[in-house]
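Because only heavy atoms are used, hydrogens play no part in the values below, and waters and symmetry mates are left out as well, while side chains stay in. All values derive from a computational prediction rather than experimental measurement.
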Amino acid sequence: MATASALCAPLQLLSLRRAPAKDLSPRRAAAGALSGSLIVKRGFLHNGRSHHQFLPLKQRGKLQAAVLPLAPLLDDEEKRKQMSEDYGFKQIGEQLPDNVTLKDVMDTLPKEVFEIDNVKAWGSVLISVTSYAFGIFLISKAPWYLLPLAWAWAGTAVTGFFVIGHDCAHKSFSRNKLVEDIVGTLAFLPLIYPYEPWRFKHDRHHAKTNMLVEDTAWQPVWQKEIESSSFLRKAIIFGYGPIRPWMSIAHWLMWHFDLKKFRPNELPRVKISLACVFAFMAIGWPLIILQTGIAGWFKFWFMPWMVYHFWMSTFTMVHHTAPHIPFKSSEDWNAAQAQLNGTVHCSYPRWIEILCHDINVHVPHHISPRIPSYNLRAAHESIKKNWGKYMNDADWNWRLMKTILTACHVYDKERYYVSFDEVVPEESQPIRFLKKFMPDYA
């Protein structure tokens with residue numbers, strides 16, 4: 001005879017709505033009305049009869065916390081609109097069909113967006129050099145209470161150096177490879193970033209975007225990591241919670257200075273980049289200290305560097321992290337879905353976009369890294385025209401950040417992410433603190 005569990009499966013999501021009183025007992029209806037919570041209605045068969053069960057589904061970044069898989073919610077336009085509101089998005093895109101390839105998307109782009117323009121490329125260098133110099137001038141003249149504003153400008157300007165090196169690494173800065181290597185190396189030096197080690201690992205990020213284990217950018221936490229040790233668990237909770245906007249510092253240290261992480265044929269170029277970085281530290285830092293003292297090193301170099309890492313961490317996690325964006329195993333991974341559905345277009349204040357050379361117009365960059373930064377907006381308009389319904393779109397806002405910092409933690413195949421305060425509630429005070437005190441407006 002069939003077991004009850006066999007008869008109850010499979011479960012199907014039938015509706016997502018605010019439960020009316022007639023569907024629930026008076027007490028549950030009143031509770032639902034007071035809390036304003038959404039209700040998931042699911043149907044199942046038991047002993048040959050149809051039954052329904054109502055499950056509470058919390059709002060504000062908690063749609064992914066339902067016991068049902070997240071994927072069915074993405075098939076319905078109204079549910080996507082609700083998730084967009086909850087997560088801080090303007091639009092959550094439809095699932096790209098499995099038969100669409102990355103080449104299909106790329107073929108719709110106008111050829112002009114791939115063209116390198118030397119004037120525009122060197123113009124971006126001029127913008128970064130002058131804006132960073134202006135930032136250093138502001139730091140030198142600002143009274144102590146205005147220093148945070150000067151640091152914010154200088155750190156954002158030096159992030160533009162990184163984007164220039166980023167274009168060089170993708171061969172979208174110059175037609176001359178030697179020029180790209182020299183400019184890329186020099187652009188990374190003020191950031192103490194070794195150009196070649198980063199380039200090798202970043203190429204893998206593009207080839208394996210949002211692939212479990214293989215992607216070299218952000219990865220969800222594994223359950224086994226949470227269970228490994230109390231110390232590591234606490235470090236991970238802080239790292240993926242309150243200090244996540246600076247976790248690129250840990251990534252910088254772990255990925256780019258260990259020679260064991262590189263292939264033998266990569267090592268000569270890696271060693272040259274490391275030598276350049278250490279030479280800059282050995283010469284540049286003492287000169288700063290000699291002229292301005294230790295306090296000057298902190299004031300003129302370290303604080304802008306921390307602002308840069310804030311943007312480095314924030315840009316990277318916003319580009320590919322959301323409760324509805326899955327990480328997939330290599331067997332289930334689809335390149336077009338990962339690059340188009342799995343990448344977020346996020347608009348920032350215009351001064352940030354200018355200083356950072358439009359790097360946050362990020363969907364076309366993942367469709368083809370060969371598109372120069374100054375052509376990203378034109379490419380974005382083309383993709384929006386042809387593939388707009390599949391795109392994720394947001395303006396940078398507190399709700400978006402709060403969703404990422406408090407919900408996108410431990411990997412789950414069906415729900416994509418499970419929050420720390422669900423997995424280890426007794427140790428998740430940092431996450432509960434963020435949920436309580438982070439602003440929630442979009």
Side-chain angles (χ1 to χ4, degrees), residues 124-166 185-195 198 235 238-257 276-318 348-357 359-360 396 398 401 405 430 434 437-439:
S124 65
V125 174
L126 181 63
I127 289 171
S128 287
V129 170
T130 55
S131 59
Y132 181 59
F134 180 63
I136 297 300
F137 173 77
L138 289 178
I139 293 171
S140 69
K141 299 298 183 182
W144 66 268
Y145 52 85
L146 291 180
L147 276 174
L149 296 177
W151 289 331
W153 178 275
T156 307
V158 83
T159 304
F161 283 31
F162 180 87
V163 179
I164 291 167
H166 178 264
T185 298
L186 292 175
F188 274 28
L189 284 184
L191 306 167
I192 314 298
Y193 239 92
Y195 172 73
W198 174 83
F238 271 97
Y240 275 71
I243 64 172
R244 192 167 184 176
W246 288 275
M247 276 298 286
S248 59
I249 297 173
H251 187 273
W252 163 72
L253 284 170
M254 291 168 57
W255 279 98
H256 303 109
F257 293 90
C276 290
V277 166
F278 292 136
F280 181 88
M281 293 169 65
I283 298 170
W285 282 1
L287 286 176
I288 295 172
I289 294 170
L290 183 65
Q291 293 295 318
T292 63
I294 295 292
W297 175 87
F298 178 87
K299 180 177 168 181
F300 287 98
W301 184 82
F302 181 77
M303 289 307 295
W305 186 75
M306 290 295 286
V307 173
Y308 154 73
H309 271 289
F310 171 83
W311 290 129
M312 184 72 168
S313 300
T314 301
F315 289 168
T316 306
M317 68 183 179
V318 169
Y348 289 74
R350 190 66 188 131
W351 69 275
I352 296 174
E353 302 276 28
I354 292 171
L355 294 185
C356 297
H357 308 301
I359 192 58
N360 292 296
W396 193 51
W398 281 107
M401 292 294 291
L405 296 180
L434 293 176
F437 292 104
M438 278 189 75

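The aromatic rings of W246 and F310 sit tilted, their planes meeting at an angle between 30° and 60°. Note: H309 and W305 have perpendicular aromatic rings, judged against thresholds of 30 and 60 degrees for the angle between ring planes.
Going from atom CG of L186 over to atom OH of Y195 covers 11.0 Å, rounded to the nearest 0.5 Å. Expressed to the nearest 0.5 Å, how far CD1 of I352 lies from CG of N360 amounts to 8.5 Å. Separation of atoms CE (M247) and OG1 (T316) is listed at 12.5 Å; rounding is to 0.5 Å. The distance from atom OH of Y132 to atom CG of L355, rounded to the nearest 0.5 Å, is 13.0 Å. Atom CD1 of I192 sits about 11.5 Å away from atom SG of C276, to the nearest 0.5 Å.
Here the side chains of F315 and C356 are in contact, with some heavy-atom distance below 4.5 Å. Under the 4.5 Å side-chain criterion, counting only non-hydrogen atoms from C-beta, L191 is not in contact with W252. Between M312 and I249 there is no side-chain heavy-atom pair separated by less than 4.5 Å.
Between the side chain of S313 and the backbone N or O of S248, at least one donor-acceptor pair lies under 3.5 Å. Although no hydrogens or angles enter the test, the distance criterion places a donor-acceptor pair under 3.5 Å between the side chain of T130 and the main chain of I127.
Across all their heavy atoms, G155 and V158 have their closest contact at O-CG1, 3.3 Å. In terms of heavy atoms, L434 sits closest to G241 at CD1-C, 3.7 Å.
The ring-ring contact (aromatic ring centres under 6.0 Å, His included) test applied to F162 returns F188, Y193, W198, Y308, not counting sequence neighbours.
A donor atom on one side chain and an acceptor atom on the other are found under 3.5 Å apart for S128 and H357.
Looking at W311, W151, W351 one by one, the single match for side chain to side chain donor-acceptor pair (under 3.5 Å) with T156 turns out to be W311. Considering V129, I164, I354 in turn, I164 is the only one that fulfils the side chain to side chain contact (heavy atoms under 4.5 Å, CB included) rule with S124.
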Would you mind writing out the side-chain donor-acceptor pairs for residues 281-300 within the sub-3.5 Å range, not counting sequence neighbours?
| from | atom 1 | to | atom 2 | distance (Å) |
| --- | --- | --- | --- | --- |
| T292 | OG1 | I288 | O | 2.7 |

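F257 CZ: more than 12 foreign heavy atoms inside a 6.0 Å radius.
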